[in-house]
Amino acid sequence: MEIRDLFIDMEKLYHYTSFDSALKILGSRCLKYGRLNGMNDFYENDKEISARLSGCGNRYVLSLSGELQDKVHSELYKYRQISFTAEDKRNDKQGFDLHQMWGLYADAGNGVCLVFDKEKLLGLIENDVLHGRVRYVDSILPFYNLIVLCQDDVNDCIRKEYKKLFFQKRKEWEHEQEYRLMKRCGVDFRDEYFMFYESLKFIIVSSKLLYVDEVNFYKNIEEIKKMTSVPILLYGKSLLDYSLIPFDGGHVIWSTECKYGVNILGHNCELDIDALR
């Protein structure tokens with residue numbers, strides 16, 4: 001099967017990263033779980049907790065005892081995440097064709113976009129890892145309404161409310177098309193990793209560096225090839241469109257001309273002179 005067919009037929013998850021980080025990922029064949037206090041949305045590490053007042057119906061209290069508050073926050077921050085980008089099929093947005101993601105997470109286009117087989121990757125996660133698409137809503141209030149009855153059931157309550165706590169962001173972040181893995185990590189000082197093994201199927205590089213510094217661009221390509229035999233794809237612009245093509249040759253996998261059906265004079269349409277007379 002051609003690279004084009006393999007890419008199109010596969011359900012994909014993408015991970016944008018800098019070039020140096022990509023080399024470390026390729027060398028270790030694993031992704032690192034990030035701590036909540038390192039997330040780009042600073043409100044993700046600033047969650048308000050509530051407790052039901054005993055014998056008072058549906059009344060809640062935000063001011064927990066110091067001991068219980070410490071217990072809750074200690075438990076919350078045991079959870080760490082790995083973020084991917086998914087396709088947005090409803091709006092026809094490809095996960096690799098997101099310029100803001102290249103700019104924010106792939107070193108302004110000088111980094112890479114790792115492409116994973118979603119089915120194979122999810123088949124490798126541990127049973128207790130929470131995963132799913134992030135839901136984007138118009139407004140998220142500080143009051144998260146997590147009900148904590150006693151210290152012993154804090155983790156159970158977090159697991160019950162996990163979608164609201166970990167898989168919900170304000171609509172302004174929807175350009176990320178995020179798919180998350182969330183893992184509860186028991187030892188605070190120890191880093192946690194996810195081994196992706198053979199689920200990595202493609203590596204996409206941007207043509208930006210090729211136009212700016214051709215020598216370093218091809219040096220980077222050789223560095224990648226030393227680390228893996230995974231096919232490299234080139235995402236970039238020409239005079240007429242953006243396209244995704246196999247770096248070592250082959251059929252065009254995707255282009256904006258195909259997606260949007262743009263008519264460009266002299267390229268895919270002609271001017272009818274007679275009709276203008």
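Side-chain atoms of Lys32 and Asp191, non-hydrogen and from C-beta on, do get closer than 4.5 Å to each other. Taking the side chain as every heavy atom from C-beta outward, Phe194 and Val129 never approach each other to under 4.5 Å. Two residues are said to be in side-chain contact when any heavy atoms from C-beta on lie closer than 4.5 Å; Lys183 and Glu126 meet this criterion. Within the 4.5 Å cutoff, side-chain heavy atoms of Leu26 are placed close to those of Ile203. Leu181 is listed as a side-chain neighbour of Leu122, based on a closest heavy-atom distance under 4.5 Å. Using a 4.5 Å heavy-atom cutoff, the side chains of Tyr14 and Gln177 are not in contact. Contact of the Ile232 side chain with the Lys225 side chain is registered, since non-hydrogen atoms from C-beta on lie closer than 4.5 Å. Side-chain contact between Ile204 and Tyr16 is absent, with no heavy-atom pair separated by less than 4.5 Å.
At least one donor-acceptor pair closer than 3.5 Å links the side chain of Arg4 to the backbone N or O of Val252. Remark: side-chain polar atoms of Arg159 are not paired, donor with acceptor, to backbone N or O of Leu130 under 3.5 angstrom. For the pair Asp107 (side chain) and Asn110 (backbone), a donor-acceptor distance under 3.5 Å is absent. Side-chain N or O atoms of Lys12 include one that pairs as donor or acceptor with a backbone N or O of Met10 at under 3.5 Å. Put simply, the side chain of Ser18 gets close to the backbone of Ser21: a donor and an acceptor are under 3.5 Å apart. Looking only at distances, a side-chain donor or acceptor of Glu87 sits under 3.5 Å from a matching main-chain atom of Gly95. Looking only at distances, a side-chain donor or acceptor of Arg180 sits under 3.5 Å from a matching main-chain atom of Phe166.
Here the two rings, on Phe196 and His15, have centers that are 6.0 Å apart or farther. Two rings, from Trp173 and Tyr136, have their centers 6.0 Å or more apart. Aromatic rings of Phe96 and Trp254 (six-membered ring for Trp) have centroids within the 6.0 Å cut-off, being under it.
No more than 12 heavy atoms of other residues, nucleotides or ligands sit less than 6.0 Å from atom NZ of Lys120. By the neighbour-count criterion of 12 heavy atoms within 6.0 Å, atom OH of Tyr197 is sparsely surrounded, having that number or fewer from other residues, nucleotides or ligands.
The aromatic rings of Trp102 and Tyr235 lie parallel to each other, with less than 30° between the two planes, well short of the 60° mark.
Side chain to side chain, Tyr105 and Glu176 meet the donor-acceptor criterion of an N or O pair below 3.5 Å.
The shortest heavy-atom contact between Val187 and Arg80 is O-NH2, 3.1 Å.
Here the straight-line distance linking atom CZ of Phe247 with atom CD1 of Ile245 works out to 9.0 Å at 0.5 Å rounding.
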